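Read the structure below first, then the notes.
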Amino acid sequence: MRVLVTGGAGFIGSHVVTALTARGHEPVVLDALLPAAHPAPPPLPPSADAEWIHADVRDRSAVESALRGVDAVCHQAAMVGLGKDFADAPDYVGCNDLGTAVLLAAMAERGVRALVLAGSMVVYGEGRYDCPRHGWVRPGPRAEADLAAGRFEPVCPECATPLRPGLVDEDAPADPRNVYATTKLAQEHLAAAWARSVDGRAVSLRYHNVYGPGMPRDTPYAGVASFFRSALARGEAPTVFEDGGQRRDFIQVRDVAAANVAALEAGREAVAAGALNAYNTGSDDPHTVGEMAEALAAAHGGPAPVVTGAYRLGDVRHITASSRRMHERLGWRAAVPFAEGMTEFARASQRAGALDPAEPG
């Protein structure tokens with residue numbers, strides 16, 4: 001299968017290219033090499049067997065040209081993370097939503113009918129919560145006054161009782177809490193509209209917290225694992241927000257790449273045409289952010305994490321999901337255990353980040 005991988009020079013995209021090549025597919029990499037993600041030139045192409053196209057996914061003519069002879073698209077190109085502040089909103093919408101719209105329009109024109117989208121668990125907002133009195137409830141956004149006072153756990157909106165966090169499934173309602181989350185949900189809506197219009201097969205893999213070798217360092221657009229690993233590389237203690245009790249599902253990047261391959265190779269019984277097929281993509285082994293920081297620091301040889309009590313508006317407290325649908329329909333399951341993955345990540349190299357000096361060339 002000839003597969004166009006947008007963002008294929010990036011952290012996750014490059015691993016997807018490697019996984020596709022190992023399975024005998026023919027990847028074509030399209031990447032704009034935007035400075036926020038690539039302040040220093042990455043090794044190109046990501047795989048010796050991959051064709052390389054330096055272009056922006058918002059360039060309709062370049063995308064249409066890249067789609068010639070392509071059987072499917074693996075859409076990884078996006079701005080990620082919370083960014084610095086709301087001033088980043090136009091860039092997020094332009095890269096994530098306009099870029100997806102241009103790609104899908106070009107796919108419709110070229111007759112490419114298979115898409116795997118890099119989705120995200122952020123579309124859910126807060127995860128699943130149960131109240132002892134009222135059952136499943138949906139807490140609203142956490143108030144800044146509560147966060148400033150160190151009251152981090154959501155409470156029942158009906159009786160203010162502390163809630164029990166649980167696993168969210170793909171049928172949970174969307175509730176994006178920040179700009180990035182909003183753009184990821186918009187990408188899914190665009191993909192669903194495209195699938196209905198052209199009878200295409202669209203999959204959104206709702207990634208959980210991806211980490212692993214090659215993750216960028218020292219950038220405001222990376223995830224929490226990158227922040228901690230970057231601090232350790234500088235000889236500094238990882239700084240943990242809130243009380244460190246935020247629950248997440250940390251998934252190793254090679255497992256995510258394997259999930260993309262599984263989705264591309266899936267039959268129609270797993271990926272229906274004419275609709276969006278959403279799949280949670282996590283390890284099913286939740287840990288707290290504090291536990292992750294401690295595991296990284298221990299494997300790296302210190303220094304130990306520091307819990308600060310600081311917070312960011314727009315962060316959610318707990319988001320862990322069940323990947324059961326992926327197991328049953330796609331035959332995919334995460335293979336890298338948490339302890340093993342964190343030990344490898346603590347010693348692995350990282351990509352140059354936005355605060356690093358640019359390398360020559």
Side-chain angles (χ1 to χ4, degrees), residues 79-89 91-92 120-131 137-157 160-166 168 174-185 207-211 215-232 234 236-250 282 286-297 303-321 353-355:
M79 282 186 68
V80 300
L82 285 181
K84 291 175 284 189
D85 52 44
F86 199 83
D88 288 328
D91 289 335
Y92 274 96
S120 175
M121 52 80 180
V122 296
V123 301
Y124 298 119
E126 288 284 355
R128 179 188 173 95
Y129 291 90
D130 291 287
C131 171
V137 297
R138 296 179 64 194
R142 295 182 295 169
E144 185 169 10
D146 287 335
L147 297 174
R151 295 187 294 269
F152 301 122
E153 293 289 347
V155 296
C156 177
T161 299
L163 299 173
R164 295 190 300 264
V168 66
D175 187 19
R177 299 288 176 93
N178 53 58
V179 171
Y180 171 62
T182 302
T183 65
K184 296 307 289 184
L185 183 58
Y207 300 161
H208 283 250
N209 290 70
V210 186
Y211 72 93
M215 201 171 192
R217 66 176 181 264
D218 295 321
T219 166
Y221 301 98
V224 65
S226 177
F227 296 159
F228 293 166
R229 179 66 179 81
S230 297
L232 290 166
R234 298 191 301 269
E236 301 171 3
T239 55
V240 180
F241 281 12
E242 301 186 16
D243 60 359
Q246 311 93 304
R247 290 176 64 80
R248 297 291 189 269
D249 189 328
F250 299 100
H287 290 267
T288 68
V289 171
E291 288 170 346
M292 188 267 285
E294 290 171 358
L296 267 183
V306 174
V307 178
T308 67
Y311 59 88
R312 295 189 302 180
L313 291 177
D315 273 352
V316 298
R317 179 62 174 175
H318 304 296
I319 176 63
T320 57
L355 304 183

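It should be emphasised that the depicted structure is a prediction, and the values quoted were computed from it without experimental measurement. Throughout, numbering of the chain's residues begins at 1 and tracks the sequence.
- Pairing each heavy atom of Ala237 with each of Val306, the nearest pair is CB-CG2, 3.8 Å.
- In this structure, Tyr129 and His318 have tilted ring planes: the angle between them lies in the 30° to 60° band.
- In this structure, the side chains of Val240 and Phe228 come closer than 4.5 Å at one or more pairs of heavy atoms.
- A search for side-chain contact (heavy atoms from CB on, under 4.5 Å) contacts involving Ala143 returns Asp146, not counting sequence neighbours.
- The main-chain N or O of Asp315 is found under 3.5 Å from a side-chain atom of Arg142 such that the two form a donor-acceptor pair.
- Note: Met79 CE to Thr183 OG1 = 9.0 Å, rounded to the nearest 0.5 Å.
- The CE atom of Met292 sits 14.0 Å away from atom CZ of Arg247, with the distance rounded to the nearest 0.5 Å.
- Put simply, the side chain of Ile319 reaches to within 4.5 Å of the side chain of Arg248, judged on heavy atoms.
- Judged as a salt bridge (charged side-chain N to carboxylate O under 4.0 Å, His left out), and not counting sequence neighbours, the contacts of Arg177 are Asp175.
- A donor-acceptor contact shorter than 3.5 Å is absent between the side chain of Tyr311 and the backbone of Phe152.
- Atoms CD and CG, from Glu242 and Leu147 in turn, are 6.0 Å apart once rounded to the nearest 0.5 Å.
- At a threshold of 4.0 Å, the pair Arg317-Glu153 counts as salt-bridged, since one of the basic side-chain nitrogens sits closer than that to a carboxylate oxygen.
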